[in-house]
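To start, the structure itself, in structure tokens.
Chain letters run A, B, ... following the sequence lines, proteins first and then strands; every chain starts at 1. What you see is a predicted model; the values in this text were computed from it and never measured. All values below come from the heavy atoms of this structure, side chains included, with hydrogens, waters and symmetry mates left out.
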Amino acid sequence: MRLTQIVEALLFASDAPLTAADLARADERLDEDTVTAVVEELRSEYDREERAFQIEEVAGGYQLLTRPEFATVLERYRSVPQSARLSAPALEVLAMIAYRQPLGRLEIEEIRGVQSSAVLRTLLDRELIDTVARGEGLGRPLLYGTTTKFLEHFGFRSLEDLPRPDDLPVVLRPPAAGEAPPEIVAPGAPAEPSPL
Amino acid sequence: MRLTQIVEALLFASDAPLTAADLARADERLDEDTVTAVVEELRSEYDREERAFQIEEVAGGYQLLTRPEFATVLERYRSVPQSARLSAPALEVLAMIAYRQPLGRLEIEEIRGVQSSAVLRTLLDRELIDTVARGEGLGRPLLYGTTTKFLEHFGFRSLEDLPRPDDLPVVLRPPAAGEAPPEIVAPGAPAEPSPL
Amino acid sequence: MVDVNTSDVDEGVFVVEVERFTGPLDLLLHLIREQDIDIFDIPIAQITAQFLAAIEGIERYGLDRAGEFLETAALLVRIKAQMVLPVQRAGEGEVWEDPRAELVRRLLEYEHFREVALRLEQAEAQRRLRHARGFVPPPPPRPVVLELEMAWDDVWAAALAVGERARPRPEHHVRLRAVPLEDKIGLIVQALKRIARIEFSRLVQPFGDKLHGVVTLLAGLELAKRRELVMRQRKPFTQLWFYKRKDETEGKDETDDAADANR
């Protein structure tokens, strides 16, 4: 364990500025002079790697803080509202679930070729999808389906109303007969999300 | 300003996990898929530079946390906040709610064979559970479910991270609805009880 | 049988002992596990006596939960009474119901959650090794979430695009090779012809594939249902064993010893 790592861990996890004397208690190799040297080393690492944070001297101690130039980013994050529109990846996954429900994360990732848990999280937060069942197989993966809110939002009375023209991509067509339907664990039909 | 820096600044300036959708708000180049890719890039940077912290997936979002090997150093510092551990009864009740949610007090007491209102109070106070619905029947009892804070407390990405019945010993798996109880694997024919 | 060290300690110490348990089921499970008793074949008279001894004086010491322990004690006594009644050999189609069945079900359900609680405790300990940032400037207010403004056309367009990307890559569609249940049943039956019992892990290990594990387990359950074998596990998370089923159940312990001697 390197001294820079120890000092970094402490500066990261502490809720108040730490003095050189505080930091020196962490390891017998440290005293106030070496702490100063270690802090300098960390500073130049952060500069070289262009980290978004730096070590500042506050109230006689050291503290990790974001660099001033990122204030605008944080400000933007603060002020830009959660978009009224779904991102392209979110739309794609929603379409897949709408037509192939109940559908598991692994199948979605297989079709899309990228990790998709982040997108699923967005759709779950938006209450457009919910977990409706557990699939077969090891770990009994969670399967997703659309919610009542999904139907309401897009103006469908039921899932039967979803247009299913012939040009619907093969992967979105309903699974072939013979595949066992998964056991439904949530109360109600897939279109009725559990109260969670 | 690189996307890795932007995501790093946000993760660094937050004391709770941020979802990909949250992070994507900070820059128009970001959506859930690109956030996932940027997070992967940051992860490998932190590994390569042997930072004392890493990016973890917690409660459906991303969070910067120190690596476990620094725990002993950090525990010695009063300025490093430590979360309180849960009692055995509290863990027991949480286990039941996590699996069977939404779940009411009476059902919990039936399984445990003991009064549980005090434990439920504690869990509610610590915001690890919340009332999520009302059950059927007399008085429409309150039903409890786990919260995001529950996931954060245990470092779970989602409820899928809970130890699942498949990981548990066979005979302990709760019988699926309509399925025969675990007696079928019992040694000794049920029709022939051994003499006492 | 193991003495449950109740009679030789004074009652004061004893109540503290009971208090250590979160409830009557916890105490019962403790008695069963401590003495390595098969949960599916609980010697009810023995356990009842030990349970009663364990909660003796519980009222006198004013334990709040006395009622809960006494309720379970009453249940045990009732089951014990039913067990000594002559077993009514039921006519065709009727199944004798073990008076212990409901208790076993409750104990297993409770133990299941005890195991989950244990895993939660481990997860908590793991999580406590990692620290979030200690100092974070005042958190930004959570921004407003705008009403969703997407139209179905957007979803529809996305749906069509899925096809365009997915169609040229059917080779990525990995299909798991089927593992026939009958193969695994055969494997287990063959193994049990040679030896009296076999570990689940030994049956699965040569294949190194999760699907094989699942199917082997299903095969075991199927054979148990056909009464051709018996699955046993002493304690949670220990080795799962498949036992050849003997016609005479009392030969079981000898089978155990023989198998142990073979190892």
Thr19(B) side chain reached by Thr122(A) side chain, heavy atoms, under 4.5 Å: no
Decide whether Ser87(A) and Glu32(B) meet the rule of one side-chain donor and one side-chain acceptor closer than 3.5 Å. yes
Only pairs of heavy atoms separated by less than 4.5 Å count here; which of Asp22(A), Leu18(A), Thr4(A), Asp27(A) has the most with chain B? Asp22(A)
Highest number of heavy-atom pairs under 4.5 Å with chain B among Glu69(A), Glu49(A), Arg67(A) belongs to Glu49(A)
Side chain, backbone, both or neither: which part of Leu42(A) has an atom under 4.5 Å from a heavy atom of chain B? side chain
Tightest non-hydrogen contact, residues Phe12(B) and Leu64(A), listed as CZ-CB, 3.6 Å
Does CZ in Arg43(B) sit with more than 12 non-hydrogen atoms of other residues, nucleotides or ligands closer than 6.0 Å? yes
Could you tell me which non-hydrogen atom of Tyr62(B) sits nearest to which non-hydrogen atom of Ala118(A), and how far apart they are? OH-CB, 4.3 Å
Spell out, as yes or no, whether a donor-acceptor pair under 3.5 Å connects the side chain of Arg121(A) to the backbone of Ala59(B). yes
Validation row: Thr36(B), Val114(A) side chains within 4.5 angstrom (heavy atoms): no
Can Arg76(A) and Glu28(B) be counted as an ion pair, charged N to O under 4.0 angstrom? yes
Taking atom CD as the centre, does Glu45(A) end up with more than 12 heavy-atom neighbours from other residues, nucleotides or ligands that are less than 6.0 angstrom away? yes
With a 4.5 Å cut-off on heavy-atom pairs, point out which of Asp15(A), Val73(A), Ile6(A), Thr66(A) contacts chain B the most. Asp15(A)
Arg2(A) atom CZ, neighbour heavy-atom count above 12 within 6.0 Å: yes
Short question: side chain of Gln5(B), backbone of Glu50(A) - any donor-acceptor pair under 3.5 Å? yes
Tell me whether Arg157(A) at atom CZ has more than 12 heavy atoms from other residues, nucleotides or ligands lying less than 6.0 Å away. no
For Ser117(A), is it the side chain, the backbone, both, or neither that has a heavy atom closer than 4.5 Å to a heavy atom of chain B? side chain
Atom of Ser14(A), atom of Ser79(B) and distance for their closest heavy-atom approach: OG-OG, 3.0 Å
Do the side chains of Phe70(A) and Glu8(B) get nearer than 4.5 Å, heavy atoms only? no
Counting only non-hydrogen atoms closer than 4.5 Å, does Leu124(A) touch chain B with its backbone (N, CA, C, O), its side chain (CB onward), both, or neither? neither
For Ala26(B) and Tyr77(A) the tightest heavy-atom approach is CB-CB, 4.5 Å
Side chain, backbone, both or neither: which part of Tyr46(B) has a non-hydrogen atom closer than 4.5 Å to chain A? side chain
